[in-house]
Amino acid sequence: MKQSKFIHYQYIPEDELPGDEVHLLESAMQATENAYSPYSEFQVGAAVLLEGGEIILGNNQENRAYPSGMCAERTALYYIGAIGKASQIRKIAIRAKCKNAPVLRPVTPCGACRQVMVEYEEQAQREIVVLMMGETGNVLKITGIKACLMPFSFDADF
Ligand code: THU
């Protein structure tokens with residue numbers, strides 16, 4: 001897989017992004033609506049753009065047995081795997097909101113999600129764009145999950 005050599009990220013105002021990315025970020029905020037997070041009260045939404053334009057949504061699903069819960073990113077990615085479309089993943093937008101205190105900076109994926117995202121990137125056989133944003137504020141944009149979010153990861157070479 002062609003991979004970025006250097007960790008490269010940008011903070012970009014949402015209105016300077018291409019239309020498909022603005023739409024994907026709006027979809028991720030829409031996905032927060034169906035988060036089931038009565039315990040943390042933190043609602044996360046993920047929107048994944050597939051080749052051809054289809055968008056798959058995911059959100060965090062908590063449980064009273066706390067470790068049984070699942071993050072938004074993995075909810076979306078595992079569904080995409082389940083329907084056999086992992087090779088079509090091109091871009092992922094992640095957003096969050098919280099009643100108690102507005103989320104003013106980009107929400108970034110947890111370590112477990114990054115580990116999973118790396119392997120979906122391998123299945124897509126190209127670097128995936130990740131757009132991260134809070135309720136407002138600039139968008140943190142990276143291209144390449146392994147290169148930018150998970151350098152020195154435990155990979156298949158071992
Ligand atoms: N969460 C996500 O859904 N994605 C992340 O990247 C970080 C955390 C969820 C898990 C839990 O339901 C809530 O946010 C608070 O940790």
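In each ligand, atom 1 is the first atom listed, and ligand 1 is the first ligand listed. Atom set for the values below is all heavy atoms of this structure, side chains included, hydrogens, waters and symmetry mates excluded.
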Can you tell me if T108 contacts ligand 1 (heavy atom of the residue under 4.0 Å from the ligand)? yes
In terms of side-chain geometry, is the basic nitrogen of E54 or K85 positioned less than 4.0 Å from the acidic oxygen of its partner? yes
Got the closest protein heavy atom to atom 9 (C) of ligand 1, with its distance? N60 ND2, 3.6 Å
So for I94 against ligand 1, with non-hydrogen atoms under 4.0 Å, the contacting part is neither
Can you tell me how far CD1 of I12 sits from CG of L131, rounded to the nearest 0.5 angstrom? 8.0 Å
For S40, atoms of ligand 1 separated by under 4.0 Å from a heavy atom: 13 (C), 15 (C)
Steps toward side chain to side chain contact (heavy atoms under 4.5 Å, CB included) verdict (V129, I92): CA-CA 6 Å; V129 170; I92 305 175; over 6 Å; no
Flag the pair M150 / E121 as yes when at least one side-chain heavy-atom distance between them is below 4.5 Å, and no otherwise. no
May I ask you to say whether E135 pairs ionically with R95, meaning some side-chain N is under 4.0 Å from a carboxylate O? no
Is the closest N or O pair between A72 and ligand 1 shorter than 3.5 Å? yes
Proximal atoms of ligand 1 relative to P109 (non-hydrogen, under 4.0 Å): 6 (O)
Between E127 and R90, does at least one N-O distance fall below 4.0 Å, as a salt bridge requires? no
Distance filter under 4.0 Å to F42 heavy atoms, resulting ligand 1 atoms: 14 (O)
With I142, which of Q10, H8, M132 fulfils side chain to side chain contact (heavy atoms under 4.5 Å, CB included)? M132
How about atom 16 (O) of ligand 1: does it have a protein heavy atom within less than 4.0 Å? no
Contacts under 3.5 angstrom, residues 35-47 side chains, donor-acceptor by atom type, not counting sequence neighbours:
from	atom 1	to	atom 2	distance (Å)
S37	OG	F42	O	3.2
S40	OG	F42	N	3.1
S40	OG	E62	OE2	2.6
E41	OE1	N100	ND2	3.2
Q43	NE2	T32	O	3.0

Below 4.0 Å from ligand 1: does a non-hydrogen atom of C113 turn up there or not? no
To which of C110, C71, A112 does the heavy atom nearest atom 1 (N) of ligand 1 belong? C71
Nearest heavy atom to atom 12 (O) of ligand 1, choosing from M70, E73, E62, M132, belongs to E62
Examine ligand 1 and decide if any of its atoms is less than 4.0 Å from a heavy atom belonging to S37. no
Do other residues, nucleotides or ligands put more than 12 heavy atoms under 6.0 Å from Q61 CD? yes
May I ask you to list the atoms of ligand 1 that are less than 4.0 angstrom from any heavy atom of V44? 1 (N), 2 (C), 3 (O), 4 (N), 9 (C), 14 (O)
